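Sequence positions, counted from 1, serve as the residue numbers for this chain. Every value quoted in this text rests on a predicted model; they were computed, and no experiment measured them.
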Amino acid sequence: MLYSKGGAVPTALNGSGRAPAGLSAEGLAAEGVEAIGPTSPHAVTVPGAIDAWCRLAASHGTKGLDELFAPAIKAAEEGFKVAPKVAFDWGRNVAKLAADPDSRAAFLVDGQAPATGDTVRQPALAATLRRIGREGRSAFYEGAVAAEIVAKLKRLGGHHTEADFAAQVSEDVEPIRTRFRDVDVYECPPNGQGLIALMMLGLADQVTMAGPSEADRIHLLAEITKAAYHARDGHLADPRHGPVDVAHFLSENWARRVAPHIDPKRAKPLPTWNEVAHKDTVYLTVVDRDRNAVSFINSLFAGFGTGILVPGCGVMLHNRGYAFRATPGHPNAVAGGKRPMHTIIPGMVVKDGRAVMPFGVMGGHYQATGHVGFLSNVYDRGLDIQQACDAPRSFATEGRLQLEPTVPDDVRADLESRGHVLEIVDSPIGGCQAILIDHERGTLFGASDGRKDGMALGY
């Protein structure tokens, strides 16, 4: 989370969860586990969102948790209508939900996903949220809720303890930033991949992305992605468990050293990583009348996380720990109390010392590339923020250059001639939201692209 008070330079809060103290790559290796699976209890780090919400409300909020949680409690208790994109994604996760008896009972109807317009209720979750609203973070991290979550994870082979839950705390951190064109772009520091977005912006400053053709822009973005993500997968991890040389990777020397290796006419081989590419994330940004601004992101990582539901409290457990490596000695190797490399990254643009645009791009590993693509659309191509959200997207990942179907045929042919192996994807690449603050005119401009459910709303 990035927060700007009255337009000031933002502060940051890291609410990501930690692995249980008893889990390690060495221990998993002894058990014969070579990789943490997406539905494994080992993929569940101690959930950090509740502590982050409580801390944020206490430090910057003006309302109590009971009032803040009231709309969510109502939706869970009285039911919410399933939106079209949600119904589509729900249907793609039937097998995962069916594998857990509790998830199957709560989230499937006769073994099928709810349809668009169906009403879904989550009374157990409503009760848990009501309790947190009344008692604060202790209602989740201590007592019955924590005990039930731990008990289910232990039955599935997890190493979690109630002490791990009680120890979970968010962390106030110093944002990192880089100069791009005539603005400063702020991101949260590692263990998130905001550093990678800033590294890519540094590389983008070494090449021309404003004037070239659409094929040139897509190609350059792909090559910048490859260079930065290669560094990400070898170095990015929880800085409390090993050094991450942020200053080195943000230096002009690093960008100048890497930039000459980017061929404007030919694609380089694509490094690959073990994690899946596009996952379930919710990003929101709000600017109020006092120009307080928040850039805020939450995620289960995969759709429905691990698919493991704790029925008594209604909590669906995420799988952010799926991003850990089970390889002893790797910077991102799982270890007790360690946070995995996080793909989720809120962003904020500052100009002349004032926050002018909180923004975010959902989409798992795509997010760093998404930040650069969006910012280049705004500051290189001069698009307004809605146009910048809506523009066709691409992502160099998993051995291929993924393109949305809206990329024209002639651009595809050009990219193939440069050596790219293309994949035309059948689902959207990410989802973007942003608010542009015009301080001089006292005007806010909102943007929310149509690749997901969401809206730009003022009141």
Next on the checklist: Set out, in order, the CA-CA distance, both residues' side-chain angles and the distance that settles side-chain contact (heavy atoms from CB on, under 4.5 Å) for L401 and K226, then state yes or no.
Outcome noted: CA-CA 11 Å; L401 177 57; K226 294 172 189 177; over 6 Å; no
Next on the checklist: Ignoring hydrogens, what is the shortest heavy-atom contact between E223 and R266? Give both atom names and the distance.
Outcome noted: OE1-O, 4.0 Å
Next on the checklist: Check whether Y229 reaches the backbone of T369 with its side chain - one donor and one acceptor, N or O, closer than 3.5 Å.
Outcome noted: yes
Checklist entry - A335 and H241: which non-hydrogen atoms are nearest, and at how many Å? => result CB-ND1, 4.5 Å
Item to check | Between CG on residue L444 and CD1 on residue I437, distance to nearest 0.5 Å | outcome: 6.5 Å
Checklist outcome for this item: Across all chains, not counting sequence neighbours, the side chain to side chain contact (heavy atoms under 4.5 Å, CB included) partners of E174 are none
Next on the checklist: Walk me through whether K452 and D89 qualify under side-chain contact (heavy atoms from CB on, under 4.5 Å).
Outcome noted: CA-CA 10 Å; K452 78 253 168 335; D89 292 334; over 6 Å; no
Checklist entry - Quick one: do the T343 and Y366 side chains pair a donor with an acceptor below 3.5 Å? => result no
Next on the checklist: Pairing donors with acceptors under 3.5 angstrom, does anything connect the side chains of T45 and R339?
Outcome noted: no
Checklist entry - Between R451 (side chain) and C389 (backbone), is there a donor-acceptor pair under 3.5 Å? => result yes
Checklist entry - Picking from Q387, R393, Q386, what satisfies side chain to side chain donor-acceptor pair (under 3.5 Å) with D449? => result R393
Item to check | Those residues that, when tested against R55, pass salt bridge (charged side-chain N to carboxylate O under 4.0 Å, His left out) (two or more places apart) | outcome: D172
Checklist entry - Counting N and O atoms only, with roles assigned by atom type, does the side chain of Q402 sit under 3.5 Å from a partner on the main chain of V425, one being a donor and the other an acceptor? => result no
Next on the checklist: Applying salt bridge (charged side-chain N to carboxylate O under 4.0 Å, His left out), can you list everything that pairs with K351, at least two apart in sequence or on another chain?
Outcome noted: D182
Checklist entry - Would you call H42 and V334 a side-chain contact if the rule is heavy atoms closer than 4.5 Å? => result no
Checklist entry - Within a radius of less than 6.0 Å around CZ of R240, do more than 12 heavy atoms belonging to other residues, nucleotides or ligands occur? => result no
Item to check | Separation of I345 CD1 from C188 SG (nearest 0.5 Å) | outcome: 9.0 Å
Checklist entry - Are the side chains of L28 and L23 in touch, meaning some heavy atoms are under 4.5 Å apart? => result yes
Next on the checklist: I want to check something: taking the side chain as every heavy atom from C-beta on, are H219 and H420 in contact at a cut-off of under 4.5 Å?
Outcome noted: yes
Checklist outcome for this item: CG of L68 to CG of L129, rounded to nearest 0.5 Å, is 12.0 Å
Checklist entry - Is R18 close to V46 at the side-chain level, that is, under 4.5 Å between some pair of heavy atoms? => result no
Checklist entry - Can you tell if the side chain of I224 reaches within under 4.5 Å of the side chain of I262, non-hydrogen atoms only? => result yes
Next on the checklist: Evaluate D384 against F445 for side-chain contact (heavy atoms from CB on, under 4.5 Å), listing each step before the verdict.
Outcome noted: CA-CA 9 Å; D384 67 43; F445 299 86; over 6 Å; no
Next on the checklist: Closer than 3.5 angstrom, by distance alone: can the side chain of K96 be matched with the main-chain N or O of G305 as a donor-acceptor pair?
Outcome noted: yes
Next on the checklist: For a quick test of reading the model, state the closest non-hydrogen atom pair linking T327 to A333 and the distance between them.
Outcome noted: O-CB, 3.2 Å
Checklist entry - Within a strict 4.5 Å, meaning less than it, do heavy atoms of the H330 and D233 side chains meet? => result no
Checklist outcome for this item: Quick note, ring pair (Phe, Tyr, Trp, His ring centres under 6.0 Å) partners involving residues 373-392, not counting sequence neighbours, are F359-F374
Just list the side-chain donor-acceptor pairs under 3.5 Å for residues 243-260, sequence neighbours left out, or say none.
from, atom 1, to, atom 2, distance (Å)
D245, OD1, H248, N, 3.1
S251, OG, H248, O, 2.7
S251, OG, W254, N, 3.1
E252, OE2, R256, NE, 2.9
E252, OE2, R256, NH2, 2.5

Next on the checklist: Quick one, T281 and Q367 - any side-chain contact, counting heavy atoms below 4.5 Å?
Outcome noted: yes
Checklist entry - Taking only residues two or more places apart in sequence or in another chain, which ones pass side chain to side chain contact (heavy atoms under 4.5 Å, CB included) with P392? => result T406, V407
Next on the checklist: With a 3.5 Å distance limit and no angle check, can you tell me whether D453 reaches the backbone of A83 through a side-chain donor-acceptor pair?
Outcome noted: no
Checklist entry - Is there a donor-acceptor pair under 3.5 Å between the side chain of N14 and the backbone N or O of S16? => result yes
Next on the checklist: Rounded to the nearest 0.5 Å, what separates atom OG1 in T225 from atom CD1 in I218?
Outcome noted: 11.5 Å
Item to check | Lys/Arg-Asp/Glu bridge criterion (N-O < 4.0 Å) met for D380, R181 | outcome: yes
Checklist entry - Is the side chain of R232 donor-acceptor paired with the backbone N or O of I196 at a distance under 3.5 Å, no angle test? => result no
Checklist entry - Does a side-chain heavy-atom distance below 4.5 Å link R381 with R217? => result yes
Next on the checklist: Is it the case that the side chain of H342 and the backbone of A323 share a donor-acceptor pair, with hydrogens and angles ignored and the cut-off at 3.5 Å?
Outcome noted: no
Checklist entry - Looking only at heavy atoms, which two atoms of S170 and G15 are closest? And how far apart? => result OG-CA, 3.7 Å
Item to check | Atom of A368, atom of A197 and distance for their closest heavy-atom approach | outcome: CB-N, 3.8 Å
Item to check | Distance (rounded to the nearest 0.5 Å) between N298 CG and L284 CG | outcome: 7.5 Å
Checklist entry - Would you say N191's side chain and P340's backbone share a donor-acceptor pair under 3.5 angstrom? => result yes
Checklist entry - Looking at K338 and D238, does any basic side-chain N land under 4.0 Å from a carboxylate oxygen? => result no
Checklist entry - Once you round to the nearest 0.5 Å, how far does CZ of F304 lie from CG of L317? => result 13.5 Å
Item to check | Polar side-chain atom of R104 near backbone of V94 as donor-acceptor pair, under 3.5 Å | outcome: no
Next on the checklist: Tell me whether the rings of F301 and H365 are parallel (<30°), tilted (30 to 60°) or perpendicular (>60°).
Outcome noted: perpendicular
Checklist entry - Do you know the tightest heavy-atom contact between R92 and S427? => result NH2-OG, 4.3 Å
Next on the checklist: With side-chain hydrogen bond (donor to acceptor under 3.5 Å, both in side chains) as the criterion, how do Y283 and S299 come out once you've worked through the C-alpha distance, each side chain's angles and the decisive distance to 0.1 Å?
Outcome noted: CA-CA 8 Å; Y283 173 82; S299 180; over 6 Å; no
Next on the checklist: Run the side-chain contact (heavy atoms from CB on, under 4.5 Å) test on I429 and S394 for me, step by step, so that the C-alpha distance in whole Å, both residues' side-chain angles and the decisive distance to 0.1 Å come before the verdict.
Outcome noted: CA-CA 7 Å; I429 299 177; S394 61; 5.5 Å; no
